[in-house]
4 protein chains.
Amino acid sequence: MIRNKRNAILKSVLKLVNRQGFYHLNMKSIAQEAGVAAGTIYLYFKGKEDLINALYAMTAEEFNQAILEAYEEGRPLQANFFAMLDAAVMFYLKNPDHFSFVEQYTYAPFLFKENQDMNFSLLLPIYKMMAQGKALRLIKPLDESVLLALIHGSLNTIIKLHLARKTNLRKESTRKEFYNAVWDAVTVTKK
Amino acid sequence: MIRNKRNAILKSVLKLVNRQGFYHLNMKSIAQEAGVAAGTIYLYFKGKEDLINALYAMTAEEFNQAILEAYEEGRPLQANFFAMLDAAVMFYLKNPDHFSFVEQYTYAPFLFKENQDMNFSLLLPIYKMMAQGKALRLIKPLDESVLLALIHGSLNTIIKLHLARKTNLRKESTRKEFYNAVWDAVTVTKK
Amino acid sequence: MIRNKRNAILKSVLKLVNRQGFYHLNMKSIAQEAGVAAGTIYLYFKGKEDLINALYAMTAEEFNQAILEAYEEGRPLQANFFAMLDAAVMFYLKNPDHFSFVEQYTYAPFLFKENQDMNFSLLLPIYKMMAQGKALRLIKPLDESVLLALIHGSLNTIIKLHLARKTNLRKESTRKEFYNAVWDAVTVTKK
Amino acid sequence: MIRNKRNAILKSVLKLVNRQGFYHLNMKSIAQEAGVAAGTIYLYFKGKEDLINALYAMTAEEFNQAILEAYEEGRPLQANFFAMLDAAVMFYLKNPDHFSFVEQYTYAPFLFKENQDMNFSLLLPIYKMMAQGKALRLIKPLDESVLLALIHGSLNTIIKLHLARKTNLRKESTRKEFYNAVWDAVTVTKK
DNA sequence: GATGAATGAGTTTTCATTCAT
DNA sequence: TATGAATGAAAACTCATTCAT
């Protein structure tokens, strides 16, 4: 399979970034981890920057795929909202390296050019759904960035806490508790 | 003043990390920016790692200071909650370099050893208050990490969005909207 | 034809050396330019050095051939001298890549071993003729190296100037002017 | 002396280019030869290219200096012509590394950018003098490039032959023979 | 014969740290 | 204290050559 080595290299980066961070990532250890020669990396990528960007493109696509699959046409908004949040959470529980990589990629300004517009596009399908909810007066008429902060921000943090073993998202009750709280944050309430 | 150069060096790091990111931070440019010789840095810090860690300690302390000052004994919970969130937001609007630095410090695992327990301690005063609220049945009996995610996570993200000019937290209405949404997320509601 | 690929490879080197110089010449670009695989070069040549040396042998032979063809037995010395100089000039105008390659090959000491004795053999037929001229007291009894310098050196330079578009050797008058000056340099004169 | 290491590095390049050619020149051996660490080179030069260009600037200036010093106002044209040619020859006999370096620098197209307009500027003082000679009808009304070829080209070649031990320019008679022949090439003659 | 992916030694360059002044 | 030239180990990247197909 022609993509074998290319993939092995990408997986290596994912593993190493998670293990040691961007700062200590170097081409030699990537090659070693992937079981190829250092020069081989340059057959598949122009350089370190290109490699990192390609990896980001890959992880982002896989993640979006996972979320989109959770959406079901014709289901109530809340059901889809919960399902997609859950898909996001479960994806990262299954692929913790992805999460760690995306976080670092996003928070390292100017390290790699394309990095500028952040990775908020990652939850795009969810935001589109929220727009519909606003029209139905189900979702608060919040500034879009506030919505983003509430969903994206809290989601990221809870996953980080799980990976740091400060909580356990494998328990359904914890996940539910979290989803409900986010739901309360964004929906119209009567006190 | 004996601390003059030490402080100039710390400020340089803050500025440079914000401008170019951790990855491109190097001792020579720190020295240049601070107006000192490269060797001088080593009179005040053991090395790069020590410098970064010292800076983190400094920024964390300044930030906590700012938040604590917003707390007023005997004021209703919600008033204090809003005041402290607002203090956090305003601190970072005034010191955007701090925010960028803390973010990168937090998201670069193993870059600098002490980094392990994340920077959730930053909002500690707020969490203590939340514990009281739980006892009063005002705040939901949420898992502590869920609380953390809702407050810390969304706060971080909204600030990042502000710094990226995707929203404007200088408008009081936007801030209020955000605080209210977080409040809805964490308080007991009746629909 | 079995020599097809071998020739394509040699032509590639000629083109690339002229375009980018020896320093940037590499096996991959040679292969690309020749439309063969990198490994194929090694079926026809032992390695880079062998390839370069083989190419020099080829260019030198073609050049000498061209000059010799200009010589006509029984014609006056000056006529043959002019004819052969003209053959040399015209050969390089027709094959500018050859010139550039030979120059670089000659001026890169120790790059490739055999390179030591320079490329003065290139005008050998002319020097032989000069020896006859000396015997006839038509040509000055110059040191052979002085003769070489006057003919070979000035010839090379005028061609280089033509290729750099600083003069135009396509104009017959310019060529004549040059040949006459060289002739004046080497022949016995009465002032 | 602050220029000590910078000069040691430049001298190293000169020596090494002469000994092994451009092709085998590498930063490590330059450093070794100069008795400095590899990194030190980068304190004085931006990189290899900058180093080479700086060296060319230095050698060119030294050479021109030497030639200009040979010129004496008010002396007959021929005397100045011979003196300057002689200065050029003697300079290179004393500094053979300079010659080898300049040759290679000139004949390696596109290796280093500034290289484009060749090194004919090297004999500029001589060409200016020739222009005067033309006005006096002493020098033939030759195309400038033909003049260049006759002087510069033959000069270069005779020096190369000397360095290759094919002739001996230390003998004054050989030099004279050569200068006279060049003089005959460029001056108006009556046969 | 022909390929071109793979290699790994070698190259240029960077940069945290040291140390003579 | 303060300097900044110097270091050299380590980094990113190149490329002639090999070899399984």
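Source: prediction; values computed, not measured. Scope of the values below: all heavy atoms of this structure, side chains included, with no hydrogens, waters or symmetry mates.
Which of E/dT3, E/dG4, E/dT12 sits closest to the side chain of C/Leu43 comes down to E/dT3. Checking E/dG4, F/dA16, F/dT3 against every side-chain atom of C/Ala38, the shortest atom distance belongs to E/dG4. Distances were taken from every side-chain heavy atom of D/Lys48 (C-beta onward) to each of E/dT12, F/dA5, F/dT17; the shortest belongs to E/dT12. Checking E/dA5, E/dT13, F/dC13 against every side-chain atom of A/Tyr44, the shortest atom distance belongs to E/dA5. Counting only heavy atoms from C-beta on, B/Met27 has its side chain closest to E/dA16 among F/dT7, E/dA16, E/dT3. Each of F/dA6, E/dT12, F/dT3 was ranked by its minimum atom distance to the side chain of D/Lys5; first place goes to F/dA6. Looking at the side chain of B/Ala37, the nearest of the listed nucleotides E/dT12, F/dT3, F/dT7 is F/dT3. Between F/dA6, F/dC15, F/dA12, one nucleotide has an atom nearer to the side chain of A/Asn26 than all others, and that is F/dA12.
With hydrogens and angles disregarded, a donor-acceptor distance shorter than 3.5 Å links the side chain of A/Lys48 to the backbone of A/Leu25.
Residues A/Ile41 and B/Gly47 each lie close to DNA chain E; by heavy-atom proximity, the contact nearer the 5' end of the strand is made by A/Ile41. Looking at which nucleotide of DNA chain E each of D/Leu25 and A/Gly39 is closest to, the 5′-most match is held by A/Gly39.
The two residues B/Met27 and B/Gly47 make their nearest non-hydrogen contact at CE-C, 4.3 Å.
One can place CD1 of C/Ile9 at 15 Å from C1' of F/dA16, the figure rounded to the nearest angstrom.
The side chain of D/Thr40 contributes no N or O atom lying less than 4.0 Å from OP1 or OP2 of F/dA6.
When both pairing distances are held under 3.5 Å, E/dT21 makes a Watson-Crick or G-U pair with F/dA2.
Residues C/Asn26 and C/Ser29 bring a donor and an acceptor atom of their side chains to less than 3.5 Å of each other.
Looking at heavy atoms from C-beta onward, C/Asn156 lies in side-chain contact with C/Phe99 at the 4.5 angstrom threshold.
Among the protein residues, D/Leu51 comes within range of no part of the nucleic acid, since none of its heavy atoms lies under 4.0 Å from any strand.
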